[in-house]
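Notes follow once the structure below has been shown.
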Amino acid sequence: RDLVPDEQMVFATDVPKGKPDPAIYLEAARRLGVDPRFCRAYEDGESGLQSAVSAGMETVDVTFLPDYPAPEALRKAKEEQKGERKWIPCS
């Protein structure tokens, strides 16, 4: 059973632009009736992370979670990408 009803699910075909554009996350928040600032996105790809951040959501890079099934090469690549993230706003 899904956590979200079908009418609240959003797919790439539902929005005009793909990630890293924030459209998919903004549409998800709209369908849920929640301000994006009060949403949390879980992502494993750079374009998805950028999309969620651009939508104004709290964003979790799941590849850094201890139980995420990532090979060592992926973890190393993600560490390198993390250092190159110019799109994350400074706090």
Side-chain angles (χ1 to χ4, degrees):
R1 183 164 159 95
D2 291 322
L3 295 174
V4 178
D6 288 349
E7 64 273 6
Q8 292 179 327
M9 294 178 120
V10 184
F11 301 93
T13 56
D14 296 333
V15 294
K17 294 177 106 178
K19 297 172 185 177
D21 188 87
I24 197 162
Y25 280 108
L26 294 172
E27 179 61 16
R30 186 193 70 75
R31 289 185 189 190
L32 291 169
V34 178
D35 187 306
R37 295 174 301 161
F38 302 112
C39 295
R40 180 177 296 142
Y42 294 87
E43 268 289 348
D44 63 353
E46 288 298 300
S47 63
L49 291 162
Q50 187 174 358
S51 177
V53 167
S54 295
M57 296 182 175
E58 180 178 319
T59 308
V60 177
D61 184 343
V62 299
T63 58
F64 291 104
L65 297 176
D67 293 334
Y68 186 80
E72 189 55 38
L74 175 60
R75 290 188 189 278
K76 183 177 179 185
K78 292 293 286 188
E79 276 295 335
E80 291 172 10
Q81 289 173 335
K82 190 169 76 169
E84 298 170 6
R85 292 176 179 167
K86 306 285 188 251
W87 43 265
I88 294 180
C90 297
S91 50

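- Partners of Arg30 according to the side chain to side chain donor-acceptor pair (under 3.5 Å) rule, which considers only residues two or more places apart in sequence or in another chain, are Glu27.
- Looking only at side-chain heavy atoms (C-beta outward), Ile24 and Ser51 come within less than 4.5 Å of each other.
- Scored by the side chain to side chain donor-acceptor pair (under 3.5 Å) test, Asp35 finds Arg37 as partners (sequence neighbours excluded).
- Minimum heavy-atom separation, Met57 to Ala29: CE-CB, 4.0 Å.
- Taking OG1 of Thr59 as the start and CG of Leu49 as the end, the distance is 7.0 Å to the nearest 0.5 Å.
- Using a 4.5 Å heavy-atom cutoff, the side chains of Arg75 and Tyr68 are in contact.
- Distance check, rounded to the nearest 0.5 Å: CD of Glu7 to CZ of Arg31 gives 9.5 Å.
- In terms of hydrophobic clustering, with Ile, Leu, Val, Met, Phe, Trp and Tyr side chains grouped at heavy-atom distances under 4.5 Å, Val15 and Tyr25 are assigned to a common cluster.
- Judged by distance alone, with hydrogens and angles left aside, the side-chain atoms of Lys78 form a donor-acceptor pair with the main-chain N or O of Asp44 at under 3.5 Å.
- In this view, Gln50 satisfies the side chain to side chain donor-acceptor pair (under 3.5 Å) rule with no residue, not counting sequence neighbours.
- The salt bridge (Lys or Arg N to Asp or Glu O under 4.0 Å) check on Glu43 picks up Lys19, with sequence neighbours excluded.
- Hydrophobic cluster membership of Phe64, counting Ile, Leu, Val, Met, Phe, Trp and Tyr whose side-chain heavy atoms lie under 4.5 Å apart directly or via other members: none, as it forms a cluster of its own.
- Across all their heavy atoms, Pro16 and Ala23 have their closest contact at CD-CB, 4.5 Å.
- Side-chain contact between Lys82 and Arg85 is present, with at least one heavy-atom pair separated by less than 4.5 Å.
- Val4 and Phe11 fall within the same hydrophobic cluster, defined by Ile, Leu, Val, Met, Phe, Trp and Tyr side-chain heavy atoms under 4.5 Å apart, directly or through other members.
- For Asp14, there are no side chain to side chain donor-acceptor pair (under 3.5 Å) partners, not counting sequence neighbours.
- Taking OG of Ser47 as the start and CG of Asp21 as the end, the distance is 11.0 Å to the nearest 0.5 Å.
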